[in-house]
Amino acid sequence: RGIRTNREIEQQLGLPCLGQVPYLADIAKKRQKPHEYLLAKPRSGYAESIRSISTYLRMSNIDNPPSVIQVTSSIPGEGKSTFSTSLATLLAKSGKSTLLVDLDFHHPSIARELGLEPDHCLVDYMVGDAPLEKALFSSDFGLTVLPVRRQAADPSVLVTSQRMRQLIDQLKSQYDYVVVDSPPVLLVSDPKATSELVDATILLVRWQETHADKPQNALKELDAVGARIAGAVLAQVDMKKQEQYGYAGVGSYYKNYRKYYVD
């Protein structure tokens with residue numbers, strides 16, 4: 001039995017639950033991407049869940065709200081790349097200059113998520129094969145993307161380099177928001193290394209599938225390096241089943257108050 005409610009997030013992980021993101025079964029059948037659905041249905045329950053999380057992040061530190069946000073998970077398959085893309089899309093559509101960075105050199109997926117076929121990428125810039133402007137891609141809805149199109153020979157060397165630190169500092173000064181998609185914590189050391197470069201880290205937990213021991217172990221590793229963890233997000237939530245667990249938020253209210261959403 002995996003984690004299913006915000007209360008379980010708080011009790012078993014000791015983290016605030018930033019929100020829960022619905023699993024879009026209907027659009028999955030149509031092969032539509034969640035960020036595309038968010039763009040097409042800005043008043044949907046899905047869009048509202050992402051919007052609520054972004055608001056929570058801004059309010060988490062009134063005096064110094066996070067602008068560089070790392071998204072990670074304990075294990076693969078929890079939906080972090082999909083969530084990262086949706087969060088960055090919403091921020092870009094809200095009028096904020098936003099950059100989405102793929103920092104998963106082991107299993108890059110942002111380019112695939114957005115349907116990009118870039119000529120150059122972050123790896124090319126890091127090894128000196130291309131200038132930064134050649135590695136950046138601008139979407140038609142205002143989001144800038146720094147993708148990865150090929151694996152690096154030794155990712156740990158890239159993420160711990162002074163060049164990476166300088167790059168993140170440069171991007172932070174150029175964009176209102178930088179969303180960083182990092183690999184799972186329990187598989188590689190990369191997200192622990194990059195956690196000191198970002199303002200906040202979000203831990204994604206797949207609803208009902210992820211047992212508490214996995215994110216608990218991930219948190220121990222992040223805590224060991226002093227990561228600033230903003231909270232956890234429940235992803236791929238079956239809203240109909242979730243109603244019976246009494247989550248006080250979009251999940252429990254979704255059915256009875258659907259008139260507030262345009263799905």
Side-chain angles (χ1 to χ4, degrees), residues 1-25 28 34-35 45-46 48-57 60 66 69-88 90 103-104 106-107 109-110 113 179-192 194-195 198 200-225 227-252 254:
R1 180 183 179 276
I3 295 176
R4 293 185 294 198
T5 68
N6 67 327
R7 181 175 298 178
E8 290 176 355
I9 289 283
E10 295 163 0
Q11 291 179 344
Q12 298 185 42
L13 303 184
L15 292 176
C17 183
L18 304 181
Q20 59 176 353
V21 180
Y23 175 64
L24 301 174
H35 76 276
Y46 180 81
E48 185 57 37
S49 71
I50 304 295
R51 188 174 295 112
S52 177
I53 293 167
S54 69
T55 300
Y56 196 113
L57 285 171
S60 64
I69 303 160
Q70 175 174 253
V71 179
T72 187
S73 59
S74 55
I75 57 175
E78 303 202 67
K80 64 176 182 60
S81 297
T82 297
F83 173 76
S84 298
T85 304
S86 292
L87 177 62
L90 182 132
L103 270 189
D104 192 340
H106 303 266
H107 188 65
S109 56
I110 293 299
E113 188 74 18
V179 179
V180 176
D181 182 48
S182 292
V185 177
L186 296 182
L187 271 65
V188 294
S189 62
D190 298 13
K192 296 189 287 291
T194 54
S195 64
V198 304
T201 294
I202 296 175
L203 184 67
L204 220 68
V205 178
R206 184 174 178 177
W207 179 82
Q208 194 167 255
E209 297 296 323
T210 304
H211 291 252
D213 63 311
K214 294 180 177 62
Q216 285 170 349
N217 290 332
L219 285 174
K220 289 179 182 178
E221 297 198 18
L222 290 170
D223 286 338
V225 295
R228 295 173 288 275
I229 306 171
V233 169
L234 275 174
Q236 303 185 53
V237 180
D238 185 323
M239 288 300 184
K240 292 182 179 179
K241 292 182 179 178
Q242 180 71 330
E243 291 169 13
Q244 62 184 295
Y245 303 126
Y247 174 73
V250 175
S252 61
Y254 186 76

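Closest approach of Ala200 and Ala230 over heavy atoms only: CB-CB, 4.1 Å. Considering every non-hydrogen atom in both Ile53 and Gly19, the closest pair reads CG1-CA, 4.0 Å. For the pair Leu203 and Ser74, the tightest heavy-atom approach, listed with the atom from each and the gap, is CD1-N, 4.0 Å. What you find for Pro34 and Tyr46 is that their closest heavy atoms are CB-OH, 3.3 Å.
In this structure, the side chains of Pro16 and Tyr56 come closer than 4.5 Å at one or more pairs of heavy atoms. A heavy-atom distance below 4.5 Å is found between the side chains of Glu78 and Thr210. At least one side-chain heavy atom of Ile3 sits under 4.5 Å from a side-chain heavy atom of Pro215. Between Pro183 and Pro191 there is a side-chain heavy-atom pair separated by less than 4.5 Å. Proximity of Glu221 to Leu186: side-chain heavy atoms (C-beta onward) are separated by under 4.5 Å at one or more points. Under the 4.5 Å side-chain criterion, counting only non-hydrogen atoms from C-beta, Asp181 is not in contact with Glu113. Between Gln20 and Met239 there is a side-chain heavy-atom pair separated by less than 4.5 Å.
No donor-acceptor contact under 3.5 angstrom links the side chains of Thr72 and Ser182, judged on distance only. A donor-acceptor contact closer than 3.5 angstrom is absent between the side chains of Ser195 and Gln70.
Here the CD1-OG distance, from Ile202 to Ser84, works out to 8.0 Å after rounding to the nearest 0.5 Å. Gln208 CD to Thr5 OG1: the interatomic distance, rounded to the nearest 0.5 Å, is 11.5 Å. One finds the NE2 atom of His211 at 11.0 Å from the CD atom of Gln12 (value rounded to the nearest 0.5 Å). Going from atom CG of Asn6 over to atom CD1 of Ile9 covers 8.5 Å, rounded to the nearest 0.5 Å.
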Verdict with supporting geometry, Ile50 and Val21, side-chain contact (heavy atoms from CB on, under 4.5 Å): CA-CA 7 Å; Ile50 304 295; Val21 180; 4.0 Å; yes
Apply side-chain contact (heavy atoms from CB on, under 4.5 Å) to the pair His35 and Thr82, showing each step before the final yes or no. CA-CA 8 Å; His35 76 276; Thr82 297; over 6 Å; no
Output, in order, the C-alpha distance, side-chain angles, deciding distance and verdict of side-chain contact (heavy atoms from CB on, under 4.5 Å) for Leu13 and Glu8. CA-CA 8 Å; Leu13 303 184; Glu8 290 176 355; over 6 Å; no
Which is it for Tyr23 and Asp238 under the side-chain contact (heavy atoms from CB on, under 4.5 Å) test, yes or no, and what are the steps along the way? CA-CA 6 Å; Tyr23 175 64; Asp238 185 323; 5.8 Å; no
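Between the side chain of Arg206 and the backbone N or O of Gly77, at least one donor-acceptor pair lies under 3.5 Å. Side chain of Trp207 to main chain of Arg4: a donor-acceptor pair is present (N/O by atom type, distance under 3.5 Å, no hydrogens or angles).
A salt bridge between Glu48 and Arg51 is present, with a side-chain N of the basic residue lying under 4.0 Å from a carboxylate O of the acidic one.
Tested against Ser54 for a side chain to side chain contact (heavy atoms under 4.5 Å, CB included), the candidates Leu18, Ile69, Leu87 yield a single pass: Leu87.
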